[in-house]
Amino acid sequence: MSMKAPRGTVDILPKDAAKWQYAENKIKNVCNRFHFKEIRTPLFEHTEVFQRGVGDSTDIVQKEMYTFEDRGGRSLTLRPEGTASVARAFVENKLFGDPDQPVKLYYFAQMFRYERPQKGRMRQLNQFGVEVLGSADPAVDAEVIDLAMTTYKELGLKSLKLVINSLGDKESRNNHREALVKHFEPHKEELCNDCQTRLSHNPLRVLDCKTDRDHPAMKTAPSILEYLNEESRLYFEKVQEYLTLMDIDYVVDANLVRGLDYYNHTAFEIMSEAPGFGAITTLAGGGRYNGLIEELGGPNTPGIGFGMGFERLLMALDAENIEIPLDDSLDCFVVATGSDQVNKVATKLVHQLRINGIQVDKDYLERKMKGQFKAANRNNSKYVLVIGEEELESEIVNVKEMESGEQVEVPLKNIVEIVKQKLLGGKGHE
RNA sequence: GCGAUCGUGGUGAAGUGGUUAACACACCGGAUUGUGGUUCCGGCAUGCGUGGGUUCGAUCCCCAUCGGUCGCCCCA
């Protein structure tokens with residue numbers, strides 16, 4: 001086999017696609033109740049959107065982007081995440097001028113990151129995400145977190161852990177940054193290579209390092225929480241108050257540092273604690289980004305959002321053995337054997353049933369009657385209609401209920417009506 | 001980018017330096033000349049990831065390459 005899907009991509013075949021649809025519908029239902037509206041942005045953007053939106057110092061921009069030049073010599077990039085695109089769309093379409101503020105958006109989108117694939121990490125991945133633009137109310141932070149937790153809970157997940165932190169506002173961040181550099185500078189030689197560069201570019205991420213996590217200096221490092229100014233501290237407290245009154249359990253982790261440059265104030269991650277989930281446990285991550293819109297040329301507008309990995313969501317459902325209710329039954333299968341004329345009548349019958357709202361299929365491989373019944377059986381068909389030479393002549397069709405094996409004769413012209421009645425009479429059909 | 005491991009038919013999987021590569025499931029057909037889920041019988045046509053090398057001979061040995069899986073970094 002020479003034609004293969006590119007590395008890090010997968011085909012989602014019908015059996016799995018049904019699960020995706022199920023989860024998507026559940027999530028859309030939650031979004032609707034939270035009064036979020038869908039937004040769809042392009043699959044690719046000018047590279048600059050991500051360089052400025054996500055941040056030049058991030059791993060995503062530095063080594064994970066699918067960037068290419070189009071025929072006009074423009075540098076374009078397949079989106080590696082959702083927030084920058086939505087922010088760009090917000091600015092470009094002047095949504096800040098919409099009387100309905102804040103603007104509450106959600107999206108389902110493919111993302112692309114050039115990485116080595118492994119469990120829960122693909123080069124093309126799917127995310128459900130949410131962005132709220134135009135409000136700096138801590139209740140919005142709580143609402144966004146609530147939305148994420150609600151979707152997980154309604155899908156049946158139980159082993160969840162919500163971790164939150166505050167990165168503070170610009171002033172707090174700068175003060176903390178200085179303190180961090182001062183703290184780690186004397187130990188610089190003892191830290192790993194990555195951390196040595198992090199120290200100058202983004203010292204916050206040193207705290208996140210797993211190689212040096214046991215270094216003594218790590219434990220005595222200044223916590224961001226101690227450097228929050230009054231305003232930032234109060235903000236963070238408010239967010240926690242709201243979470244508590246909504247009965248959302250959380251853990252504060254001062255070392256939670258999100259990888260993207262644009263975050264400030266609230267940062268959070270939701271992880272799965274289900275056994276056998278694999279090395280990667282983060283299901284969703286997000287945070288507040290109050291300077292981003294301005295950075296992209298819009299007015300000073302606060303924002304917050306999260307991205308939720310769809311593949312990881314399905315993995316988590318699997319890890320917790322949550323059955324997804326899938327209806328793979330078929331209303332009706334038309335079995336036809338005989339002359340060309342029989343096939344014509346059968347084809348017309350199938351069409352008529354379908355336009356009358358009935359789910360129907362038939363054989364297209366010239367199988368024998370037995371084979372056609374097997375096919376009907378394989379497709380969990382509730383009813384089988386048999387048409388052959390005899391039926392053609394008498395204009396009476398055999399309607400067989402597969403489960404009971406009962407069979408009745410129905411005049412061809414009444415068939416749609418009768419099948420409809422039977423399906424409605426039988427319970428469980430929607 | 002680094003590391004480990006694997007790569008046999010539609011699927012799951014045995015296997016060996018040497019004329020016909022098991023078995024199971026699935027699928028199709030027949031027994032039952034127009035009725036399924038059980039049973040029995042039969043069929044499934046140059047194939048052992050790809051390219052080199054060693055050898056009289058390689059699916060099996062060596063090298064390379066591609067790909068899958070898992071892990072590191074980082075993240076969804």
Dump every N/O contact between nucleotides 39-43 of chain B and the protein below 3.5 Å, one line per pair.
none

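Residue A/Q118 places its side chain closer to B/G71 than to any other of B/G34, B/C75, B/G71. Among B/G36, B/C72, B/G30, the nucleotide with an atom closest to any side-chain atom of A/R121 is B/C72. For A/R312, the side-chain atoms get nearest to B/C75 when compared with the rest of B/C72, B/C75, B/U35. Among the nucleotides B/C73, B/G36, B/G3, the one closest to the side chain of A/R116 is B/G3. Among B/C27, B/G34, B/G29, the nucleotide with an atom closest to any side-chain atom of A/K368 is B/G29.
Across all strands, A/N398 comes closer than 4.0 Å to base atoms (heavy-atom distances). At the heavy-atom level, A/E391 lies under 4.0 Å from base atoms of the strands shown.
Rounded to an integer number of Å, the gap from A/M122 CE to B/C75 P is 19 Å. At whole-Å resolution of the value, NZ in A/K63 and P in B/C2 are 12 Å apart. For the pair A/I387 CD1 and B/U35 P, the computed distance is 17 Å after rounding to whole Å. Here the C1' atom of nucleotide B/C70 and the CD atom of A/E115 are 15 Å apart, to the nearest Å. A straight line from CG of A/N377 to C1' of B/G36 spans 4 Å, rounded to a whole angstrom. Put simply, CZ on A/F373 is 9 Å from C1' on B/G34, counting in whole angstrom units. At whole-Å resolution of the value, CD1 in A/I280 and P in B/C73 are 10 Å apart. For the pair A/F310 CZ and B/C75 C1', the interatomic distance rounds to 19 Å; values are reported in whole Å.
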How does RNA chain B look in dot-bracket form if you count Watson-Crick and G-U pairs under 3.5 Å, write [ ] for pairs that cross, and put | where a base pairs with another strand? (((((((..(((.....[....))).(((((.......))))).....(((((..]....))))))))))))....

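Near RNA chain B, defined here as any heavy-atom distance below 4.0 Å, the residues from residues 7-19 of chain A are A/R7, A/G8, listed numerically.
Side-chain rings of A/F36 and A/Y107 stay apart, their centers remaining 6.0 Å or farther from each other. Ring centers of A/Y66 and A/Y114: under 6.0 Å apart, within the cut-off.
The environment of NZ in A/K161 is sparse: at most 12 heavy-atom neighbours from other residues, nucleotides or ligands sit within 6.0 Å.
In this pair, A/H183 and A/H187 present their aromatic rings tilted. The plane angle is within the 30 to 60° band.
Here, B/C73 and B/A13 have their C1' atoms 36 Å apart, quoted to the whole Å. On the C1' atoms, B/C41 is 25 Å away from B/A14, given to the nearest whole Å. Atom name P, nucleotides B/C60 and B/G18: the rounded distance is 11 Å, in whole Å. The C1' atoms of B/G10 and B/C72 are separated by 36 Å, rounded to the nearest whole Å.
Between the side chain of A/R367 and the base of B/C28, no donor-acceptor pair of N or O atoms lies under 3.5 Å.
In this structure, the separation between CE on A/M402 and CD on A/E406 is 13.0 Å, given to the nearest 0.5 Å.
Side-chain N/O atoms of A/R113 include none lying less than 4.0 angstrom from OP1 or OP2 on B/C73.
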